[in-house]
Every structure is written in C-alpha cells, then in structure tokens.
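Each remark here refers to the structure printed beneath this line.
A note on names: the letters A, B, ... follow the listed sequences, proteins ahead of strands, and every chain is numbered from 1. Just so you know, these numbers come straight off a predicted model, no measurement behind them.
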Amino acid sequence: MGKKSLHIILFLFFFPTVIFAQKHGRDSVPKVLDEVIVTATRTENKVSNIPLPVEVISAKNIQRSGSQKLLDILQMQTGLVVANNPLGTSLQGYPNPFGEGVQMQGLDPAYTLILVDGEPLVGRNAGILNLGRIAIGNIKQIEIIKGPATCLYGSDALAGVINIITESSSENPVRFQTHYATNNTLGLTGAVSILHNKTSVELFANRYSSDGYDLDKNIYGKTIDPFRDYSGNVKVKFQLNEKSDLTISARYFSETQFNNYLIYPQDHPEVVKGTTRETDGSVFIKYNHKLNSKVSYYASVYSTYYHNNAAVFLEKNDSFYERIELTDFLLRPEIQVSIGKNPSSLFTTGAGYNIEKLNSTRYNSVNKLNSGYVFVQKQLLVNSKTNIIAGARYDKNSLYPAQLSPKIAMAYKPAPNFILKGSVGAGFKAPDFRQQFLNFSNSLIGYTILGAKELAHGLQRMQNAGEIAPSVDIKPYLHPNDLDPEKSIGVNLGFDYTLHDNTVFKLNVFRNDISNLIESYNLPFNKTNNQSIYSYKNLNRVFTEGLEASLTNNFNANFSIFAGYQFLIAKDKDVINDIKEGKLYKRDPVTYQTSLVSLSEYKGLYNRSRHNANLRFQYNNVSHRASAFITAKYRGDYGYSGLNGFQNGSGVYDDDRETVKGFVLLNTTLSKKIWKDWEVQGGIENILNYKNKTLMPNIYGRTFFINLIFKPKKIKQQ
Amino acid sequence: MKITNLKLTLLSAAIVVTGMMSCGKDDNPVPTPAPSITVTDSMKIGYSDNHYAFYSFKDSSRVNLSDSASTKWDFGVRFVSIIVNSHASGPGNAGVITENSIFNNYTTAPADGYGYDTSSTNLAIDNSFSTGWYNYDNATHVLSPKAGKFFVIKTADGHYAKMEILAVDYANFNPPNPTPDSLVYKFRYTYQSDGSRNF
C-alpha cells in the first residue's frame, strides 16, 4: 500500500471530525450512548467506567444492516478481520472443515474467546469456531473486549473476548422476519416475548438455508456446499421474590451441509456424496440472590455439547467411504459473589469447575480435562478522577502447569470529557485436545502425528508393531515434557475524547507479546516406511502491536457516522533473531542467487494486513419513515505464503510477490416502514463485487437481499 | 503450479567453468585455479517411485538404477530423502555435511566431520518436515528448498563437491488430485575433479 492511499485513508478518517465536530452542540443532537456492558468486569458497568478497549454492537445496528451472518457483522468492526485457516483456503472443491474466524489485535481466531450470554461455545476445529452456529435474530448486543481477559475468563481469552448477549425482555412481544437473498438463501426468524406475573419467557426460532455457490467451474463440486440450519432458544426468568431470580435457558443449533466432491483414492478421480452435520446445544441455569444492599451472589450450572459428523459415500455404487466424527462436551458449575457498590468500591470473586470430554475418530479414546479456577477482582474509584480495576485468576488442572493470570487497569479523567485508559494483563491459551491427544496416521502418505500426551504410548505401540525399527532408541521420548500453555502479556494504552456530547474520538495503542507458541515438530527418526513422526512442543515467540482509532459522530438526530482504523505490525521474534544473527537466507527464484534476508525486508507474519479501516453511515428520513445504512470495510495488503507458486526458500514473508492486494467490501441497506408494524429492507452486499476464489472462498461477490419484518410494539398496560 | 518444461531445463543446463581467478591476466603468477566445474541440472522423478534416482557429479548425468550397488553415483533422491554413497546406502566412501551459508561464497570443504547414512531410515541429510532441507506448505503444497542450505559432499571415490537444491517442481500436478505425477528436482553443484577440497 502506497503513501498516497494512506493519506487518503487518514483524510477520510479525520474529515468528518473537522466538518461535524465543530458546529453542532444543539440539544436536538443525540448524545453518543454510554452503554452498559457486563463482559469487561463480570458485573454491570458503563463503558465510560471501564479502563479497557471496549466495543459494543447494538441490536439496532445489526437490524439496520439487515445481515443474517454474525461474521459479516463482526468484520465491519474496527480491528476485526475475517481470517481463514490457512488449511481452509485452497481445498479445491473439498468442503472446508475449518471455516473462518475473527482475527483480533493481529492474533488468530483461536485466541479470541467466543461467549454466548457469558458462557463459552465448544467445538473448535483447528482453533476456529464456526460462527454460523450463532443465529443473530435474538441478539441484544455484542460486547467486544480487546486485550487479554484471561484474568476473568481463563484460557483462550488472549486476544480478547466476544460476548453475544441474547434478548432477555424484548420490547416487542412478537417479531417475525423473512430474509431472501442471492443463491436462494432463505432465512425465517420468529420470536415471542411473554411477561406474565413475574415470569418472563423468550422464545426464538430460526431457519436459514442456502444453495451455496461455486466460484470455480473448473473444479468439481461447489465452493460452498448447500446447507440448512435450524436454531432455537428458550429463556425463562422467574422473579422469585424481590431479592432473587432464577433463569433457565436452553439453545439448540443444527446444520446439515450437502457435500459433493472428487476424491482420488488410487490417483483415480471418484465422485463422493454425503452430509456434514453439526449440532450444538446447551442448557444454563442461574440463580441470582441479593443478600443485602451490599452483597449479592449467583450460582450457575452450564452444560453444552457439540457434535460433528461427516459421512461420505462413493457415488458409483453408493458404498460407504469415510466418516469423521467429533463430540465435545462441557459441564461447568460456577459461583460468583460481589461485595460493595459499583463503581465506588466493588469486590468480586468467583470459582468454578470445568469438566470437558472430547471424543473423535482421530483420537484413541475419550479424552477428559477437568480443571478448577478461582478469580478475584476489585473495582475502586480512588477519587473523582481515577478508577482502578485489579484482578487475577488461578487455573489448575491435570494436564498442564497451573496458571496465574493477573491484570490491572486504570482510568484517569483530567476533564469530564477526556478519559485516559491503560491496562496490563497476562493471558494464556491451554494446549488444545489435538495438541495433547491426536493420534493420526495419514493413510495416503503414511506419516504419523501424535499429541504430546500420546507420544510415549504411540511410539511404543509403533515399535512393537514394527512401524519403527527395533534399533531406534525411543527412550528419550517416552517422558516428554508437558506442553505449557501459550502465554501472553498484553498492554493497552489510550484515551476517549468527547466533544459536544455528540462526537467521540477513541485511540488505543496495543502490544501483545506471546511466547510458548505450540508448533508441530518431527522426531529425529523415521518410521520404517521412511515417513516422519510429528508431535507438538512449545516453540515460537511472536508479537503484535499497533494502533486503533475510531470516531463516532451523531451529526444530528437523523444522521450519524462512524469511522475506524487499525494499524498493525505482527512479527515472529525468532525470525528477527535469525535475521540479526545472519542465519536466514533467501534465494532469487529467477537467478537462484542466495543472499541474507535483511530486517527491513521481513514484513511479518502472513495473513496480517498492516492497514484496516471501516466506515459506517446512517441516515433516517422521519417524514418518509425510511432509513439508509452504509458500511464499508477496507482490508489492506497482506502476505500469503506461496502465492501463485512463489518460493524463495526463506520461509517468511519478505517479498512483494507474496502480497495479496487489499480490497474493499461495501454494503448498503435501505429500510422503509410500511403500515403500522411492518418494515421492508432491501440491500446489496459487496457492491464492488470483490472476489478471490482461492484465498477468500467465503466471499461470494455481489449479493442482493430483501427482508420483510413484522414487529408490533408492546401494548401499554393501563 | 507452473510446470517446468523438463526438456528445456535440460537443454539449458548451463555448464560454467568458474574462472574467477583466471580472467585477469596479471603479471603476478597466480597458482592455476583448481579445475572445478559448476553445473545446474535437473532430475525428473516419479512421485510414488519406491526407489532412489541416482546422479553422478563427475559425469554430470543420471546413473541407471541397475548401477545402484556401484560407486558410479554420488547422491540419490526419493521424494524428500537424499542419500549419499556409503555405509547403509552404497558401497562407496561418501560423506556429507549440511551447510548453512551462501553457496557461491563457500570455497573450501572441511577435511572431516562428514556424516553418512546409518540405516535406510536414519539418513545423514535431515529429510524431515520442520528441521529438514525444505519448507512444505500444507495449503498450497509448495515444496521449497530452504535458501542458504546446501550439502558438502565427499563423493563415492573421495572427491569433493557442494550441491544445492534450487527448486522442486511438480510435473503433471492437477489439483484437487493431491498427488502429482512426478517431481522435478533442480539443483546446482560444484565438483572438484582434482581431488582437492577447494572449489
């Protein structure tokens, strides 16, 4: 990306500030909302009281966009980038088992914790959670915390947390929506909200289906296979008395994907057909009790499961070919006690226990992980200008060393409209089941991958079976070191500046230092078929750093704008060391001249864009009961290993020939209210028709949609 | 994946006599440079071959499979495994050192420190995924020799050579079929025919 385009971005970014911020201080201009969120502290807090980088996506903005996909909504946020698993990008007609996730502060999707109503979803595939499992029709708001939140949530919350809060007492007793879009995509959503005596009931159901699409006609099979999703949600809240309530909620999701692709069993193409079925469900029970004006507590039990079953059959004779299955189960009892008053002085502590079980066709047996945790947190208003949050969490389990994750955050308000924020926190990500328990031999090539806990057992078994020569000394590998969790230290520093109540400018500078990254390595001896044996160990150290800025401006009651920008640098520290020590070489692919890679040539980790920007305009026309919503996302240039077959033997991103050009996604939605309770929406997504069939198979190209919404307002009781 | 035209590659295999010192006709008598040759060549190998393909530095040519038990060959390749002619792999006296530096600037082979293949699965040249002589990309299937890595080889009959693999191209590779028909190994080497360790 050239300097010129950077200037344009900076100009676009500051232009609205200059124009709008100055003149409008009238009373009619709506204030920028100071939302209440729960994710940052596990207690209700106004965003302005939280000394952390926080973003809130409101239900209104989700509805205005008309979109049905969580991923599309998330990627329109500053600093959130849709990232494909590198293995999922060029599967050439194969169903992509990994999907896409969200990159936050330059860290892969595996490092962001995804919660629904504060509880985690399980069933990550190669670190990526299929966000399509979360229907968006009953979302109240999405809370995003950037920077490590391990001090409250434990493993995985290393880059941050995305917490999807579902509707609890909607102002609409009935909602119904139909969505129809390109590729015969059909969405039907229905929701009912009942308040009877002191009991509230929320019912939600969604059906979503699509014919999928094919971006490359030369390859057999569709890029995205046809699928059909069903999801349902029931939430009941009993107000037991003035001081206590009980919430019971259950959710269910199922997706069936209809697969059809080519395989090559003996180098000979064969058509296979089958289905991939993902189901996921959870039950949550929570009892809230207020002992007195100062002390309250809750006790909860959460249980969830995830099941993935992919079966394919040869088309020619309908014979069974292959089945891959995975089941993940989690049970978590938890209690939390809060003492004091928010925000002046509040002490929160809690403890819980995780029982997780995982079973897969690629593992030897059912694998279990039991872990306990306890956390403490103090929120304190030191004086009228300063507030502090300090906390720590201790996680203990049988598979890896116990972890203590502290965090401290502070906000200082030199003026009522100016808040300085700073935080330092530790984060960790536990080794996943694959890294611990995988026991997989590739039938085509013949290599073997063993998780760290399977290594000793697997090697012995292979030597006994004659797959490893008897002369090989496997003893040194029979007692491998336990895998350590991947660890990070995250620092965030920034400020929020409010002008005339209707304009907020936010800036945050971040740095994450991650060590102990778990990588696969190969053992120094081979199998008797001369293929390698791989396992996992803690290896790399990387850092990500950058700057995030955003501007919200409510120009007047009917017009608002939001602009955001992220600058990012993400590099491997060990690569930097190798370069400094003169150990990293590259080879010119034309002349075959070898030379040292210099520090300035090293561009950083693959698949990270240095520049990302987003814009959002919203316009209401009261007299016509109509509104317009326009969003744009710019994802800057990024590196892709082996792009177009390029190779220079350095193994790192150090050449422009590996640069994928940046792109813009532009969406627009027009809404108009008709009759009393109806609304029609029409929109175009990806107006510029950006496509990249190998690197971005999740982007179809220009898409049209139309929504019909029925949403009567609650009848006021007299 | 761009498929290298093998015939063209073979035809253009440049044979360059390294005459770095002999170009200038100085008055000062300079010791006659060692008659070393630098050659760029390639071998096409069946992807699923279960035998090695052999090469001779001296003859700058491939050696027949029937001569696998002789000292006619200096190194052999099968997929990502490379063998040298001694001990477990052949009747010769070969040895190898894996070197990390710039091929062109490397002028003298060491006197000792050469490794050899102790068994058919324990080779002197590391052929494994992360620490071996190549990078492999799971997603694009690009097999790329690590830059700066080359082999100092004592040949079957005690001569010295340095050899670097420049590229491994797939021939007849038609994704999504995961297996190419064959692999084309492109490499260069400098062979010192006078028996000295200088290149």
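Around atom OH of B:Tyr116, no more than 12 heavy atoms belonging to other residues, nucleotides or ligands sit under 6.0 Å away.
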Item checked: Stepwise side-chain hydrogen bond (donor to acceptor under 3.5 Å, both in side chains) check, B:Lys149 with A:Tyr585 -> CA-CA 8 Å; B:Lys149 229 173 201 115; A:Tyr585 297 90; over 6 Å; no
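Taken to the nearest 0.5 Å, the OG1 atom of A:Thr594 stands 9.0 Å off from the CG atom of B:Asn105.
Proximity to chain B at a heavy-atom threshold of 4.5 Å picks out A:Gly649, A:Ser650, A:Gly651 from residues 649-659 of chain A, in numerical order.
Residue A:Asn644: no heavy atom, backbone or side chain, is found under 4.5 Å from chain B.
Interface remark: of the candidates B:Ser144, B:Ala167, B:Gly132, B:Ser144 forms the most heavy-atom pairs closer than 4.5 Å to chain A. With chain A as partner, the option from B:Leu166, B:Asp181, B:Thr131 having the largest number of non-hydrogen pairs under 4.5 angstrom is B:Leu166.
Residues passing the side-chain hydrogen bond (donor to acceptor under 3.5 Å, both in side chains) test with A:Asp588: none are found, sequence neighbours excluded. Qualifying side-chain hydrogen bond (donor to acceptor under 3.5 Å, both in side chains) partners for A:Asn540, counting only residues two or more places apart in sequence or in other chains: A:Asp572.
No side-chain donor-acceptor contact under 3.5 Å links A:Gln647 and B:Asn135.
A donor-acceptor contact shorter than 3.5 Å links the side chain of A:Arg587 to the backbone of B:Lys146.
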In a table with atom names and distances, give each donor-acceptor pair under 3.5 Å that connects a side chain of residues 93-101 of chain B to protein atoms at least two apart or in another chain.
{"residue": "B:Glu99", "atom": "OE2", "partner": "B:Ser101", "partner atom": "OG", "Å": "3.2"}

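Minimum interatomic distance between A:Tyr592 and B:Arg188 (heavy atoms only, all atoms of both residues): O-NH2, 2.8 Å. For the pair B:Ile102 and A:Leu596, the tightest heavy-atom approach, listed with the atom from each and the gap, is CD1-N, 4.5 Å.
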